[in-house]
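The structure under discussion appears below in the form of structure tokens.
As the structure is a prediction and not an experimental result, all values here were calculated from the model.
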Amino acid sequence: MQIVLFDRGHWHRPMYLQAFGAVGQPLHDSRGAEDDLDEILASRPDLLILLGTPQDMLRDVQRSVEAGVAVVVEKPVGRCADELEPLAALAQQRGAFVSVAQPHLLNEFWDVCTPELGGPLSHLRFRLVNGSPERYAAWGVPWVMQTDVVGGGALRNLGVHGVSAFLKATTGEVQVHSCVLSRRLFQMETEEYAAVTLSAGGVIGQIEVGYTAALDEASDFELSGHHQNLSVRDDGQALTVLDRHSGQTRVQPVLPLARRYEQFAAATVQALEAGGLAPHSLADHLAAMRVIDACYARAVWADA
């Protein structure tokens, strides 16, 4: 399979090189200008990975869909749902394969945290708190902290993982009950921390994301679901399952956070080879972007 990585400047580039290489799909690595993308599309690779700013990716995905080339793309695509909606409609109309990076939706947690095993879900918690926003400037991508480029801060960049997880776990219309933002530590134009409460179909979702971990290489991660009979928790190193009926606790290793793009790469390649659907489509991503827009619309700031 010919897979090309086209990068306009994104800090996740090494993760894609490692992840696709780990699943036996080495990438043709390309960094360049418009004519380079034209040449790549004309060569019709089996899969094109697009990295860049949200608006770069929005334009490049559209060109790829119009050219009939399958795509992997980072998130967020566009700065808000309104920008993404026409592209999502085009992709659906064309039957395009566009796989949006959501590695936290593919791990072992989802094999266990099911109604069949544990009864109805009460609530789902997602926490991802990474190191300081200053690291983005050090990595050559200061635009991550610019609202006009990204459409938000930690909530748009990191919170999309938690919102997507909540949407996967629930059905029905999502209600935004609270959204509290802060930029107290670093005084950026975007938020460095966000705490959100959602509900859908009687399930409560708690999402906490931020750039406030004291060590830049650290990630404070938790994905947990609480059912009538089971509590399931993924802390980024192990999956812990508490069974109310048996009174037993089971702990099993999981793929570490730094390697979870391998699961995304494997799922994407498998779906493409089988002629199936993308693991996380533009329509799925659009649904999460709409929820994040609604969070920003009712957000309050707590900087004092």
Donor-acceptor side-chain pairing of [X] and [Y] below 3.5 angstrom:
| X | Y | value |
| --- | --- | --- |
| Thr197 | Ser178 | yes |
| Ser122 | His227 | no |
| His161 | Gln102 | yes |
| Gln187 | Glu192 | no |
| Asp36 | Ser30 | no |
| Ser224 | Glu222 | yes |
| Asp234 | Asn107 | yes |

Can any side-chain N or O of [X] pair as donor or acceptor with the backbone N or O of [Y] at less than 3.5 Å?
| X | Y | answer |
| --- | --- | --- |
| Asp46 | Ile3 | no |
| Asp216 | Arg135 | no |
| Arg244 | Leu230 | no |
| His104 | Gly162 | no |
| Thr53 | Asp56 | yes |
| Arg233 | Leu223 | no |
| Arg94 | Ala67 | no |

Problem - Residue that, paired with Glu191, satisfies side-chain hydrogen bond (donor to acceptor under 3.5 Å, both in side chains) out of Trp301, Tyr211, Tyr296 - result: Tyr296
NZ/NE/NH1/NH2 to OD/OE distance under 4.0 Å, [X] and [Y]:
| X | Y | answer |
| --- | --- | --- |
| Glu189 | Arg183 | no |
| Arg8 | Asp60 | yes |
| Arg79 | Asp293 | no |
| Arg127 | Asp220 | yes |

Problem - Stepwise salt bridge (Lys or Arg N to Asp or Glu O under 4.0 Å) test for Asp284 and Lys168 - result: CA-CA 9 Å; Asp284 296 326; Lys168 178 170 181 171; over 6 Å; no
Below 4.5 Å, heavy atoms only, C-beta onward: do [X] and [Y] meet side chain to side chain?
| X | Y | answer |
| --- | --- | --- |
| Tyr193 | Leu181 | no |
| Gln263 | Glu108 | yes |
| Pro54 | Trp143 | yes |
| Val144 | Trp139 | no |
| Gln62 | Pro86 | no |
| Gln228 | Pro120 | yes |
| Glu262 | Arg260 | no |
| Thr268 | Leu47 | yes |

How long is the straight-line distance from [atom2] of [Y] back to [atom1] of [X], given to the nearest 0.5 Å?
| X | Y | atom1 | atom2 | result |
| --- | --- | --- | --- | --- |
| Leu282 | Ser99 | CG | OG | 9.5 Å |
| Cys113 | Leu121 | SG | CG | 5.5 Å |
| Gln25 | Leu27 | CD | CG | 8.5 Å |
| His245 | Asn229 | NE2 | CG | 4.0 Å |
| Asn130 | Tyr136 | CG | OH | 6.0 Å |
| Leu41 | Leu48 | CG | CG | 6.0 Å |

Practice task
Compute the ring centroids of Tyr16 and His10, then answer whether they are less than 6.0 Å apart.
Solution key: no
Would the number of heavy atoms belonging to other residues, nucleotides or ligands and lying under 6.0 Å from [atom1] of [X] be above 12?
| X | atom1 | value |
| --- | --- | --- |
| Leu257 | CG | yes |
| Leu277 | CG | no |
| Glu83 | CD | yes |

Exercise for the section: Output, in order, the C-alpha distance, side-chain angles, deciding distance and verdict of side-chain contact (heavy atoms from CB on, under 4.5 Å) for Ile204 and Leu198. Expected result: CA-CA 6 Å; Ile204 296 172; Leu198 310 172; over 6 Å; no
Exercise for the section: Just do the side-chain contact (heavy atoms from CB on, under 4.5 Å) check on His177 and Arg298 with the steps written out, would you? Expected result: CA-CA 9 Å; His177 296 280; Arg298 67 170 303 160; 5.6 Å; no
Exercise for the section: Report the C-alpha separation of Val69 and Arg63 in whole Å, then their side-chain angles, then the decisive distance to 0.1 Å, and conclude whether the side-chain contact (heavy atoms from CB on, under 4.5 Å) test is met. Expected result: CA-CA 9 Å; Val69 173; Arg63 292 172 62 187; over 6 Å; no
Problem - Verdict with supporting geometry, Phe221 and Phe126, ring pair (Phe, Tyr, Trp, His ring centres under 6.0 Å) - result: CA-CA 8 Å; Phe221 175 84; Phe126 181 91; 5.7 Å; yes
Which heavy-atom pair separates [X] from [Y] by the least distance, and what is that distance?
| X | Y | answer |
| --- | --- | --- |
| Gly68 | Arg44 | O-NH2, 3.1 Å |
| Ala154 | Gly210 | CB-CA, 4.1 Å |
| Tyr261 | Pro103 | CE1-CG, 3.6 Å |

When hydrophobic residues are tied together by side-chain contacts of less than 4.5 Å, even through go-betweens, does [X] share a cluster with [Y]?
| X | Y | value |
| --- | --- | --- |
| Phe97 | Leu37 | no |
| Leu84 | Val65 | yes |
| Val209 | Ile292 | yes |

Exercise for the section: Please lay out, stage by stage, how Thr190 and Thr147 fare under the test side-chain hydrogen bond (donor to acceptor under 3.5 Å, both in side chains). Expected result: CA-CA 6 Å; Thr190 60; Thr147 304; 5.2 Å; no
Practice task
Show your working on side-chain contact (heavy atoms from CB on, under 4.5 Å) between Val232 and Phe109 and close with a plain yes or no.
Solution key: CA-CA 7 Å; Val232 184; Phe109 175 89; 3.7 Å; yes
Exercise for the section: For the residue pair His226 and His123, categorise the inter-ring angle as parallel (less than 30°), tilted (30 to 60°) or perpendicular (more than 60°). Expected result: parallel
Exercise for the section: Determine the sole option in Leu58, Val98, Leu286 for which the side chain to side chain contact (heavy atoms under 4.5 Å, CB included) test with Leu87 is passed. Expected result: Leu58
